[in-house]
Each structure stands twice: as structure tokens, then as C-alpha cells.
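Protein chains get the first letters and strands the later ones, always in sequence-line order, with residue 1 at the start of each.
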2 protein chains.
Amino acid sequence: MENVRELFQVMTRRFGLLNKNCCQVGGSEVSMVQSHILYELLRKDNPSMQQVAENLGMDITTFSRQIQNLVKQGLVSKSPLSNDRRVYQLSLTPQGNYIAASIDAQMNQYLAEVFSNMSEFEKEMVIKSVKLLNNAMSKSTVCCKPLI
Amino acid sequence: MENVRELFQVMTRRFGLLNKNCCQVGGSEVSMVQSHILYELLRKDNPSMQQVAENLGMDITTFSRQIQNLVKQGLVSKSPLSNDRRVYQLSLTPQGNYIAASIDAQMNQYLAEVFSNMSEFEKEMVIKSVKLLNNAMSKSTVCCKPLI
DNA sequence: AGAAAATACTTGCATATTGCAACTTTTTTT
DNA sequence: AAAAAAAGTTGCAATATGCAAGTATTTTCT
């Protein structure tokens, strides 16, 4: 059998590079980590700090500081939950939303370009495979905790 | 159509977490970046600094320092090329080789566990898809330079 | 009700990582 | 023989990281 790890290692590295490309929108310069955070906030509805940090597999203290920066940059807003004032709800500001959406659009465009190098059939297969893989990894006992 | 980026983002994140798990072998603690470097050295035959740095998409100065650490830790050896003494050939020491091979084995074991959650047919499809994807990304004009 | 424990998040601190600019050394070009 | 190029290395300043210990709030336990 072929070396499976090799395949995945290369793929992951490539995808990492792809992601790196996406991190400058207009004037703003966004780090890779910040881009991941914005991505989460774009999809989740007013999550707490812990929820997002856990989803990203980040240490909560590092995350806390990253959020402080994003708030300072005017991309994220943080407001205490009225029920439980220990918890902060995170959301994107309009500017943060614009940037996150731009990055998302750019990534999708890049992916479309990648897929343009395959047939429609292959594309369907690849997408199906990634879904399968995500599903299988989520079931794994050994890997990928903290779970997404 | 489903959100393709979402799928890839999640997959990449999970694979990143998977990789993180692999970075302690026996007593030695190896960082993620170091593990990527060891991986390259395990496969390539006496590459130069630039070659590896480029393959990994790393800045050469950062790479230089990472190699210094690995040499200090006794995992990598660095010897000037006789033809051209500007160039250094990199290779794994026996201990470095042991660690790189251990990480590789562990990763392959993790992957096997992930694949155990699918049918043989699905597994074949997924592997084929990753190959396709790597191939398509290598053809892309927009992404993934420095090329691997 | 009131003390103790738990939870959510933040800060101190020490360490590691990063990348640009400028450097050394060696080789190639002119 | 001088100039340019190439391969690596350092200075430095900015940033990221994670553990331990902190604050503030809520829950649990008598």
C-alpha cells in the first residue's frame, strides 16, 4: 500500500499554504490564527470564549489574548451574557464580518480554481471523501480531541 | 452546493490536531515544525537547507535556526558539500532517524484507526481523492507556491 | 443563608517563533 | 581581479505560546 501519511502530510501542507494566502484583505493584515477565529465567528451564533477556543484546539489563555487584539482592531465584539456574567458572547463587528466574508470568498475562489483542474465526477468524489474523512475523524478515539 | 471551504477547514484543523499528538516520542519532545522537518529529512536524500525550507514553505532564516536546534538536540547532522561549500547537506542522525520513524509509524497508526471507521471501498475512494487533490493543487496557479 | 467549590476568563512571566535587514563566506559572472 | 550572486547565519524587534496564579461570578453543599 502507498504511504498514506505522505499523501495527507502533503495535502495538509498545501492547504496551509493556501490558507496563508488569504490573510490579507484590503488594507488589513490578519494572521492565520486570527483568520481561523474569524471563520468560527462567522458561522457560530454568539459563541462563548471557551466554545471557540475549544473548537480551534487553542489554549484558552492564548485565545483570550488573540480576542483582545481582534477587539482592539475593531473586528470582534465581546459582551457579557446577562444570565451569567462570567461568560462573554463573541460576535463579529460589521468590519469583522466584512473581512471574514472576504477571506471566505477568496478561499472558495481558490478552491474553485483547484477543482477546475478536475472533472465534475472527480470533484464530487473528492468532496464526498472529505466529508467521509471528517466523519471518520470525529469518531476516532485517538485523534482530534478537542472535538470540533 | 455545500460549503466546500467549511469541509476543508475542518479537515485541515483535525489533521493538525492529529499531527500535534504525534510530537512526543519516548522522552524527546519535538515541536510541530520540527516534526515536519524530520519528516522531510526522512524522505529526501541529503537535501540542502534551501531545498527543505522551500518544500516546507518556511522562511530560510527561521529554518536555519530550527536546524540549529535539531543539531544541538543530536537529531540532525549538517555537513558542507565538498563541491560547493556554501551548501550544507542535511541528514538525520541515528537518533533523529529513530524519532522520525517513530512519529511516522504513530501517524500511520492513527490514520489506520481513522480508516477503520469506513468501509474498504470508502477508504480507497478517500485515498484516491487525496491524490487527486494534491495533483490539482500542484497545478493551481494561485495556491501553494512555494511548491512541494 | 453562608462557606466552599467550580466555572469563565484574564494576567504575569518565561520561553519560543517569526521574518526582515544586514552580515559572512563561497562561488560564479563579467 | 572586481562585481554580482548564492547559501546560510545573526541582530533585532514583534508576536505567540502555555503554565501558574489571579479575579469575578455562579453553583453546590451543608
Full working for side chain to side chain donor-acceptor pair (under 3.5 Å) between B:S77 and B:S91: CA-CA 5 Å; B:S77 89; B:S91 59; 3.2 Å; yes

Rounded distance in Å - CG (B:L81) to P (D:dA7): 12 Å

For atom CD1 of B:I37 and atom P of C:dA16, their distance in whole Å: 16 Å

Residue whose closest nucleotide on DNA chain D lies nearer the 5' end, B:Q68 versus B:D84: B:D84

B:L70 CG - D:dT9 C1' separation (whole Å): 16 Å

Residues, nucleotides or ligands: over 12 heavy atoms within 6.0 Å of B:Y98 OH: no

B:T12 and A:T12 side chains, donor-acceptor separation under 3.5 Å: no

Interatomic distance where CE belongs to A:M49 and P belongs to C:dT10 [whole Å]: 4 Å

No-H, no-angle donor-acceptor pair, A:S48 side chain to C:dC9 base, under 3.5 Å: no

4.5 Å side-chain heavy-atom contact, B:R5 and A:Y39: yes

Whole-Å gap separating P (C:dC20) and CD1 (B:I60): 13 Å

Protein N or O to nucleotides 14-17 of chain D N or O, pairs below 3.5 Å:
residue : atom : partner : partner atom : Å
D:dT17  : OP2  : A:Q66   : NE2          : 3.3

Side-chain donor/acceptor of A:R14 to backbone N/O of B:N134, under 3.5 Å: yes

Nearest-0.5 Å distance, CG of residue A:L90 to CD of residue A:Q50: 11.5 Å

A:S64 vs C:dC9: side-chain N/O to OP1/OP2 distance below 4.0 Å: no

Under 3.5 Å donor-acceptor pair, A:T61 side-chain atoms to C:dC9 base atoms: no

Nearest-Å distance for atom pair CG/P, residues B:L56 and C:dT18: 11 Å

Between P of C:dC20 and CD of A:E29, the distance in whole Å: 10 Å

Heavy-atom donor-acceptor pair, B:R85 side-chain to C:dT26 base, under 3.5 Å: no

B:S129 backbone acceptor or donor facing A:S129 side chain under 3.5 Å: no

Protein-nucleotide distance (B:Q89, atom CD; D:dA7, atom C1'), rounded to Å: 14 Å

Nearest-neighbour nucleotide for the A:R86 side chain, D:dA24, C:dT10, D:dT9 considered: D:dA24

Sugar-phosphate, base or nothing in reach of A:Y88, heavy atoms under 4.0 Å: sugar-phosphate

